[in-house]
Amino acid sequence: MSLSKSLSAFGWRRPGAASAALLGLPAIWFAALYLAAIGALLITSFWTVDDLSGNLIPGFSLTNFQQLVSGQVYIRIALRTISIAAAVTITDVILAWPVAYAMIRLASPRLSAAMMAGVMVPLWSSYLARVYAWRVILSHNGLLNWTLIEIGLPRAHIGYSNWAMWIVFSYLWLPFMILPVAASVERIPPSLLEASADLGARGFTTFCRVMLPMAVPGMVAGAIFTFSLTLGDYVTPMLVGGRGSDFIGNVVYSNVGVTNNIPFAAAYAVLPLGVMAVFLLIARKLGAFDAL
């Protein structure tokens with residue numbers, strides 16, 4: 001028997017091994033590149049920069065991390081980034097549930113497909129176009145203030161502030177929360193909801209005790225997207241944030257492109273990685289990944 005026929009027979013008898021062989025090499029390649037990039041980031045964070053020549057000095061030094069810990073401005077920027085990322089995640093969870101539930105449980109097949117398309121369409125447009133659209137809406141003379149003036153209400157001073165970033169981020173990443181939550185809701189057997197109703201549970205009780213626990217994996221998946229994407233963004237704070245609205249990404253960008261202090265930028269970029277690692281560990285500790 002030829003080698004190709006032997007491999008074909010082996011793959012037919014063991015489909016798991018065939019799938020592993022097919023996906024193994026790309027997965028190993030992807031993991032190697034990712035781990036190499038993370039390793040290079042960690043190594044560079046311990047380097048320093050020569051003040052006179054501006055050249056990088058390889059070695060092991062905690063100077064960059066000491067500067068981060070001792071600098072109040074960097075601590076405030078980190079706290080602002082983490083808090084807004086958490087607020088965006090909570091907001092998207094609250095907004096995603098009604099849409100996901102209506103799309104899966106209430107809408108007809110045709111309307112459900114239309115709602116799914118409506119969720120996906122913003123992802124097909126340019127990220128910058130969506131951010132600039134919100135910039136026009138929230139600016140001092142934008143659509144929001146024009147509408148408020150027309151109905152006799154005072155202006156809302158939201159543009160170029162942390163509130164503006166919260167609104168824009170919540171809009172940008174909402175589809176990444178709706179889709180996993182909708183997938184989790186779709187996997188909940190209707191018989192469980194009927195059994196809960198037969199036992200006398202009201203709708204809110206059924207939601208809290210049946211649907212919400214079973215949809216935790218989907219919410220965690222969406223939270224990973226929304227939290228990490230907000231945590232690493234630096235474009236939106238530049239476009240819709242005002243003075244004092246810098247994120248960690250803005251500091252990293254300025255140190256790479258302006259001051260050319262790459263080791264300090266690498267040290268500050270380690271912080272979001274650590275925050276995401278803690279976030280994933282907490283989610284795992286709470287059992288959020290058990291049903292994935």
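Just so it is clear, the values below take in all heavy atoms, side chains as well, and ignore hydrogens, waters and symmetry mates.
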Residues N162, S245; criterion side-chain hydrogen bond (donor to acceptor under 3.5 Å, both in side chains); working and verdict: CA-CA 6 Å; N162 291 336; S245 297; 3.2 Å; yes
Is the gap between the ring centers of W97 and F207 under 6.0 Å? yes
If you apply the rule side-chain hydrogen bond (donor to acceptor under 3.5 Å, both in side chains), what do you find for T89 with T226, and how did you get there? CA-CA 6 Å; T89 301; T226 56; 3.3 Å; yes
Heavy-atom side-chain contact between V278 and I282 under 4.5 Å: yes
Can you list everything that forms a side-chain hydrogen bond (donor to acceptor under 3.5 Å, both in side chains) with T206? Sequence neighbours excluded, please. S196
Counting only heavy atoms from other residues, nucleotides and ligands, does the tally under 6.0 Å from CZ of R209 exceed 12? no
So, using ring-ring contact (aromatic ring centres under 6.0 Å, His included) as the criterion, who are the partners of W163 when residues are at least two apart? W166
Between F65 and F46, what is the ring plane arrangement, given parallel below 30°, perpendicular above 60°, and tilted in between? tilted
Tell me whether the count of non-hydrogen atoms from other residues, nucleotides or ligands lying under 6.0 Å of OH in Y132 goes above 12. no
Looking only at the side chains, is there a donor atom on one of Y127 and D233 sitting less than 3.5 Å from an acceptor on the other? yes
Got W47 and I57 here, is their nearest side-chain heavy-atom distance under 4.5 Å? no
Can you classify the ring geometry of F247 versus F169 as parallel (below 30°), tilted (30 to 60°) or perpendicular (above 60°)? parallel
Using ring centroids (six-membered ring only for Trp), state whether F225 and W173 fall under 6.0 Å. no
Give the intermediate values and the outcome of side-chain hydrogen bond (donor to acceptor under 3.5 Å, both in side chains) for residues Y160 and R135. CA-CA 8 Å; Y160 307 106; R135 181 175 177 176; 3.1 Å; yes
